[in-house]
Amino acid sequence: MQKVIIFDDMSQCTKETVQKMLTLVSEQRRQQAMQFKHLFGQFACLKAYIILKDILTNFFGFNEKGHIYFNYGKYGKPYIIDGPHFSISHCREAIAVAVSNTPIGIDIENVRHISEELIKKTMNNAEQKMIEESSNREEAFITIWTKKEAVLKMHGTGINDNIINALDGSAETKTISHKEKRYIYSVATPTNKNQTITDL
């Protein structure tokens with residue numbers, strides 16, 4: 001089973017909402033949220049936790065009265081002991097949460113100006129050519145970038161020196177573009193003929 005939720009009503013990002021959400025999460029998550037200096041970071045941290053808990057409760061049999069406590073892998077990827085796999089991402093326009101019985105990664109980014117230096121540092125020759133030939137270089141870059149980051153998050157490594165070769169066939173990816181709100185997200189799951197990315 002897979003479940004992906006995208007939340008993009010950022011009008012809810014207020015001090016009042018943050019204060020209310022602080023009472024609904026674990027002490028661990030409260031501390032993590034308050035490490036962010038800006039309101040948006042606090043809001044995204046708390047809202048992602050609440051979305052994750054809702055998915056776990058409604059689709060994966062999690063005890064709704066309990067809190068979620070995270071453990072962290074070698075490269076900092078959070079996980080739940082004996083729980084399903086999950087991945088969280090956010091940008092200025094939206095928050096993305098994906099949960100699955102098998103490894104999963106998600107990345108969401110807003111479409112923005114991209115420097116030539118970043119393209120050369122993170123894209124292989126074929127990808128650079130694809131971006132240069134695109135009618136919208138920013139969208140083309142963000143599409144490939146979200147795929148790469150989703151794959152690396154699925155593997156549990158996060159952004160590393162392998163970003164150029166991240167799309168090595170070890171994962172299936174699916175990408176959705178929201179042109180009106182100017183964000184793009186990708187979901188990655190292990191390559192498996194019997195498994196498809198669903199519920200996007």
Side-chain angles (χ1 to χ4, degrees), residues 2-10 38 40-41 44-45 48 51 72-79 85-200:
Q2 296 170 10
K3 188 70 180 176
V4 175
I5 297 291
I6 306 298
F7 174 88
D8 61 10
D9 181 7
M10 290 308 170
H38 299 291
F40 174 78
C45 181
I51 293 170
Y72 293 87
K74 179 179 178 181
Y75 299 100
K77 181 179 180 178
Y79 67 93
H85 300 267
F86 70 92
S87 185
I88 292 170
S89 182
H90 61 79
C91 63
R92 293 298 303 180
E93 285 75 19
I95 298 165
V97 181
V99 185
S100 176
N101 288 324
T102 57
I104 195 165
I106 193 166
D107 185 54
I108 190 165
E109 304 284 344
N110 60 294
V111 178
R112 59 194 183 278
H113 173 72
I114 303 299
S115 69
E116 289 296 330
E117 181 182 358
L118 184 60
I119 292 173
K120 291 178 180 178
K121 187 176 180 180
T122 60
M123 301 288 148
N124 63 35
N125 291 337
E127 292 161 350
Q128 289 183 39
K129 187 173 186 293
M130 190 183 306
I131 292 167
E132 291 302 323
E133 293 178 350
S134 171
S135 59
N136 189 319
R137 294 172 71 255
E138 287 76 19
E139 285 189 8
F141 175 87
I142 295 298
T143 295
I144 300 171
W145 174 270
T146 58
K147 288 181 179 182
K148 290 187 174 197
E149 189 160 352
V151 170
L152 294 174
K153 289 173 75 173
M154 181 201 77
H155 289 310
T157 60
I159 298 301
N160 57 29
D161 293 339
N162 194 39
I163 185 70
I164 288 181
N165 300 310
L167 302 181
D168 59 2
S170 64
E172 174 194 355
T173 61
K174 185 170 182 179
T175 303
I176 303 292
S177 175
H178 194 306
K179 293 187 180 298
E180 181 182 349
K181 295 196 174 182
R182 293 182 59 77
Y183 65 78
I184 295 171
Y185 70 94
S186 292
V187 178
T189 55
T191 300
N192 186 328
K193 293 182 179 179
N194 297 320
Q195 178 177 305
T196 58
I197 299 173
T198 59
D199 197 44
L200 295 192

Quick one: list whatever passes salt bridge (charged side-chain N to carboxylate O under 4.0 Å, His left out) with [X], sequence neighbours left out.
X	result
Glu116	Arg137
Glu138	none
Arg92	none

Determine the minimum heavy-atom distance between [X] and [Y], stating which atoms define it.
X	Y	result
Phe40	Cys91	CZ-O, 2.8 Å
Ile108	Ser89	N-OG, 3.0 Å
Ala188	Ala171	CB-CB, 4.3 Å
Ala96	Ile6	CB-CD1, 3.5 Å

Not counting sequence neighbours, which residues clear side-chain contact (heavy atoms from CB on, under 4.5 Å) with [X]? List them please.
X	value
Lys148	Met123, Glu127, Ile144, Ile163, Ala166, Leu167
Thr143	Lys147, Thr175, Ile184
Ser135	none
Lys129	Glu133

Can you name the side-chain hydrogen bond (donor to acceptor under 3.5 Å, both in side chains) partners of [X], sequence neighbours left out?
X	answer
Gln128	none
His85	none
Lys181	Asp8
Asp168	Ser170

Hey, mind stepping through Asp107 and Ser186 against side-chain hydrogen bond (donor to acceptor under 3.5 Å, both in side chains) and telling me if it holds? CA-CA 6 Å; Asp107 185 54; Ser186 292; over 6 Å; no
Are [X] and [Y] close enough that some pair of their side-chain heavy atoms sits under 4.5 Å apart?
X	Y	answer
Asn162	Thr157	no
Val97	Lys3	no
Lys174	Thr189	no
Glu139	Val111	yes
Ile114	Trp145	no

Without swapping roles, check the side chain of Ser134 against the backbone of Met130 for a donor-acceptor pair under 3.5 Å.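 It does not hold such a pair.
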Show, in sequence, the C-alpha distance, side-chain angles and deciding distance for Glu93 and His178, and conclude whether the side-chain contact (heavy atoms from CB on, under 4.5 Å) test is met. CA-CA 10 Å; Glu93 285 75 19; His178 194 306; over 6 Å; no
Under 3.5 Å, which donor-acceptor pairs link side chains of residues 72-79 to any protein atom two or more places apart or in another chain?
{"residue": "Tyr72", "atom": "OH", "partner": "Gln32", "partner atom": "NE2", "Å": "2.5"}
{"residue": "Lys77", "atom": "NZ", "partner": "Lys153", "partner atom": "O", "Å": "2.9"}
{"residue": "Lys77", "atom": "NZ", "partner": "Met154", "partner atom": "O", "Å": "3.4"}

Just how far is it from atom NE2 of His113 to atom CZ of Phe141, taken to the nearest 0.5 Å?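 That separation rounds to 11.0 Å.
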